[in-house]
Amino acid sequence: MAVELCLLLLLLFCGSTVSEVQPIYKPPPGTLDFGFVPSKTYDTGAYHEPGPIGILFKIVHAFLYLVQPNPFPQDLIRKVAQQKFGNTQGDYQKAIYYEIGFIVSAALGLLFILLLPLVGLCFCMCRCCDNCGGEMHQRQKKNADCQRSCFATFLFVASLIISIGVLCAYAANQHLTSQVRGAKKLVNSNFKDLKVFLNDTPAQIDYLVSQYNTTKDKALSDLNNVGPLLGSRVQEQLGKEVRPALDAALTMAGAIRETKEALENVSVSVEVLQEGTERLHANLTDVKMHLSNTLNDSACSAAQAASTCNIIRNSLNQLNINANFSGLPGVSSQLAKVNDVLKIDLSSLVQKGYAAFNDTPDLVVNQTKNILSDIKNVLESIGLNISSFTKTLPVQKILADLTIYLTQSEAYVQDYFPLVEQYDFYRWLGCLILCCMVVLIVVFYYLGLLCGTCGYDKHASPTTRGCISNTGGNFLMAGVGFSFLFSWVLMIVVVLTFVTGGNVEKLVCEPFEDKTLFKVLDTPYLLNRQWKNYLSGMLFKNPNINLTFEKVYSDCKENKGIYTSLHLEHLFNINEFLNISMYTEDVALRIEHIQINLSKIILLDEIGKENLLNFSSSGIDGINFGAYLTEINKSVTKVDLLSFANDLEARADQLPKGALENALKGHANNIRMIHNQQVVPLEQAMSTLNQSIRLLKRTSSELMVKVKNVISAVNAAQLLINNNASLVIVQETKKYMDTIVGYFEQYIDWVKESIAMEVAACKPIANVIDTAVDIFLCSYVTDSVNAFWFGLGGSSIFLIPAIIFAVKLSKYYRRMDTEDVYDDVETIPMKNTENGNNGYHKEHLYGIHNPVITSSVEQW
């Protein structure tokens, strides 16, 4: 409901909108992905780039800052709005101080308007009386060429400045016209975007509502997987005690099997060693007897062999067995008891305990079927309630009414826009005529400079100047005449546009850009004497709510939702509608009633425990491990038979070649064969016996304690399952409930965030204001008007020096009626009393023929 209400209010206040492309976002693991609220791309852009003429606009802004550097008069504007201006004398002083730049500039302009026509009239009358340069006579001066050049240069510079000014005015005039024509496209774009916005709003509403299914589906998925989720969590917590106990029991079962194998190896190895040592003893005795007989041969009596035979004879006692295994005790009784223990498969019993414990998720599923069915019904009812409640709001009707209103407004604008263009054409034509006035004057000046410069002959006297030079002078005087005729009209337009455009720039555009204008509008009791905050009083009929124009504009500029920007929580608190307890209370209550009984899980029955006790009393700890290890640590024979055989063969090589040597070498080979066939197997049997005895020794060490510890651990785990599992189940159920409820919290948070930032984002409101004030009023109109008066005013001002220089310069280009005449002897002017000209004379009296008859027009 809150979503629809926010969107309906947005439709009431928006005129056009701009959308921004949503950034790509990937939710972190473990969170629900609701996607993005659908939004369309809009065409309207609340930004204007003036282009190259922007340089001129910046120059005008700098000039206005010189004219008016004072800060925005907030207090004066507040008093004007509250109709309190003038109550105190200081108000007028402050207003004059703020407007002093405009007042002085306007006063100078009015002085220009009044004086220039008057000066022109006096100047014309003065010249008609042959004064003020009206007399067609030019005195001869030595620096005449220098003066003429200076006057021509100054006039050209002034004309050039006037030309630049009129070009600026013309460019500003064309810019304003082109922007007004382009405004139609901007208006159409706004209407188009607004239609898209109206059509997009229901889709945003439906999308928010539809995303409840994402939450519901995830919750249902977790409910359907209650075994893997809740059951596995319970199993994981209980497994911290259960699994080590079962692992210990399973290890003990493996130890029983290893004990049996070790006992069997001991029994077999002892038997092999006893038989092998007896056979080895008999063979070694035979070897000693044959060696003794060989050594008793007469060959050993020889001097060369006697010592060697004696050494061999003395070493025969080493050929004897060293270890005696006949006295070792047997392990048949322990083996019989262990075999009795193995008649019961302890490993199978432990695996049954594992299987029973691993069935915990299935037990949870079976015992929560009814409750989960109720929870699913609650989720379905919540979704139906949300959908049905949103449909009760008349969104479609309001959207249809607004669409009709928008269509009518668009038709109205389209009907009247040609009239706007027509009036703009009249304005453009008027400004063009003003520019043409200046252009006409400049053209006369340029033609005068061109003709005068090209036709001037420095050798010709003032009365004999050529036609081209005379025409140039006439053009200059024509420019002066039109300057007096048009300048006051131009200055009237300049003063009016200057005062209007400059104050709009200073009182509207600049404070709008730095938001000072909003601060004035936010002044308490300004727009309504009974309302502290006008905006909140208008929207909510409650002026005490702190809702300001500046805050709303800033929030909309940041593209926040209209619910946040307009503080619509005072009209409708969305938190009450989106209260999490409304959605989770029933779900939480039903999850809390989940009861799970795990008493059917048997980790290890009494038979298995009894089997462990029987193993501990099998008697393996009574084996005489010392006797075994004593014999095992001995060698099979007293001497290494291979070493003995090698030594015997080496000594045989010391004897003379003969039968004795061969017989001893034969005995050495016989000893090697005995070692390979009898001693090596005995050593292998001793190694097996050694490993088995040591294994039995480790196993039997504190065997009773180990078995009791295993049984105690199993009993403790079983007690945990039977008695304390309910606490674990409650804890894990609470976590499971928090997970389910967390999905709703994510949905609610996402809805709140979407309403605050994405749904009905009010940047279009800021764009409408920016378009109306910043773009159209300030950038299109005010900047163009200010640039126009700046160029036209500059041209008008420089008409004054242009008039002066043109009048001065025309004297050097126009053909004179009289000139100074010098005597050939005295070279001084002579007075012609006959004509009464005070030294001036007519050229024809002296025989100088003047082919051009001076007319009264030339005397101008």
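Keep in mind that what you see is a predicted model, and the values were worked out from it rather than measured.
- In this structure Gln211 satisfies the side-chain hydrogen bond (donor to acceptor under 3.5 Å, both in side chains) test together with Thr214, sequence neighbours excluded.
- Taking CG of Asn173 as the reference point, atom OG of Ser178 lies at 9.5 Å (rounded to 0.5 Å).
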Chi angles and distances behind the side chain to side chain contact (heavy atoms under 4.5 Å, CB included) call for Glu550, Leu521: CA-CA 8 Å; Glu550 181 183 9; Leu521 294 176; over 6 Å; no
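- In terms of heavy-atom proximity, Trp531 sits nearest to Met538 at CZ3-N, 3.5 Å.
- The closest side-chain heavy-atom distance from Phe417 to Arg181 is not below 4.5 Å.
- Using a 4.5 Å heavy-atom cutoff, the side chains of Pro73 and Leu507 are in contact.
- With contacts defined as side-chain heavy-atom distances shorter than 4.5 Å, the pair Leu64/Glu510 does not qualify.
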Yes or no on side chain to side chain contact (heavy atoms under 4.5 Å, CB included) for Leu176 and Val781, after CA distance, side-chain angles and deciding distance? CA-CA 6 Å; Leu176 179 56; Val781 178; 4.2 Å; yes
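- Asp770 and Tyr553 form a side-chain donor-acceptor contact under 3.5 Å, judged by distance and modelled atom types alone.
- Heavy-atom minimum distance, Cys435 versus Val166: O-CG2, 3.5 Å.
- Side chains of Val180 and Phe425 form no contact here, defined as non-hydrogen atoms less than 4.5 Å apart.
- In this structure, the separation between CD1 on Ile769 and CZ on Phe518 is 5.5 Å, given to the nearest 0.5 Å.
- When atom types are taken as modelled, the side chain of Ser565 and the backbone of Val552 share no donor-acceptor pair closer than 3.5 angstrom.
- Within the model, atoms SG of Cys431 and CG of Leu792 stand 8.5 Å from one another, a figure rounded to the nearest 0.5 Å.
- The two residues Ser796 and Val494 make their nearest non-hydrogen contact at OG-CG2, 4.5 Å.
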Given the rule in the side chain to side chain contact (heavy atoms under 4.5 Å, CB included) test, do Asp401 and Tyr405 qualify, once you have shown the distances and angles that lead to the verdict? CA-CA 6 Å; Asp401 294 341; Tyr405 175 77; over 6 Å; no
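- Considering all non-hydrogen atoms of both residues, Gly501 and Thr782 come closest at O-CG2, 3.6 Å.
- Side-chain atoms of Leu777 and Phe512, non-hydrogen and from C-beta on, never get closer than 4.5 Å to each other.
- The aromatic rings of Phe498 and Trp789 sit perpendicular to each other, their planes meeting at more than 60°, with 30° as the lower class boundary.
- In the model, Tyr97 has no side-chain atom that pairs as donor or acceptor with a side-chain atom of Gln93 under 3.5 Å.
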side-chain hydrogen bond (donor to acceptor under 3.5 Å, both in side chains) for Tyr426 and Gln422? Distances and angles first, verdict last. CA-CA 7 Å; Tyr426 295 151; Gln422 182 179 0; 2.7 Å; yes
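- In summary, the aromatic rings of Phe788 and Tyr170 are positioned with their centroids too far apart to meet the 6.0 Å limit.
- Contact between Phe34 and Gln746 at its shortest, heavy atoms only, is CE1-O, 3.7 Å.
- Considering only heavy atoms from C-beta on, Leu490 stays 4.5 Å or farther from Ser795 through its side chain.
- Considering CG of Leu186 and CD1 of Ile775, their distance stands at 6.5 Å, rounded to 0.5 Å.
- Contact annotation: the side chain of Lys184 never approaches that of Val420 to less than 4.5 Å [non-hydrogen atoms, C-beta and beyond].
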For Phe790 and Thr497, run side chain to side chain contact (heavy atoms under 4.5 Å, CB included): C-alpha distance rounded to whole Å, both residues' side-chain angles, the deciding distance at 0.1 Å, then the answer. CA-CA 9 Å; Phe790 182 77; Thr497 54; over 6 Å; no
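- Between Tyr207 atom OH and Ser754 atom OG the span is 8.5 Å, to the nearest 0.5 Å.
- Within 6.0 Å of CG in Leu66 there are more than 12 heavy atoms belonging to other residues, nucleotides or ligands.
- Distance SG/Cys509 to CG/Asn503: 11.0 Å, rounded to 0.5 Å.
- Ring pair Tyr780/Phe776 is perpendicular by interplanar angle, where above 60° counts as perpendicular and below 30° as parallel.
- Scanning all heavy atoms of the two residues, the minimum distance from Cys168 to Gly791 falls at CB-CA, 4.2 Å.
- Residues Asn786 and His61 bring no donor and acceptor atom of their side chains to less than 3.5 Å of each other.
- Within a 6.0 Å sphere centred on CZ of Phe798, other residues, nucleotides and ligands contribute 12 heavy atoms or fewer.
- At a cut-off of 3.5 Å, with distance as the only test, a side-chain donor of Gln414 or Asn188 sits close to an acceptor on the other residue.
- At a threshold of 4.5 Å between non-hydrogen side-chain atoms, the residues His175 and Phe57 count as touching.
- At most 12 heavy atoms of other shown residues, nucleotides or ligands fall within 6.0 angstrom of atom NZ in Lys58.
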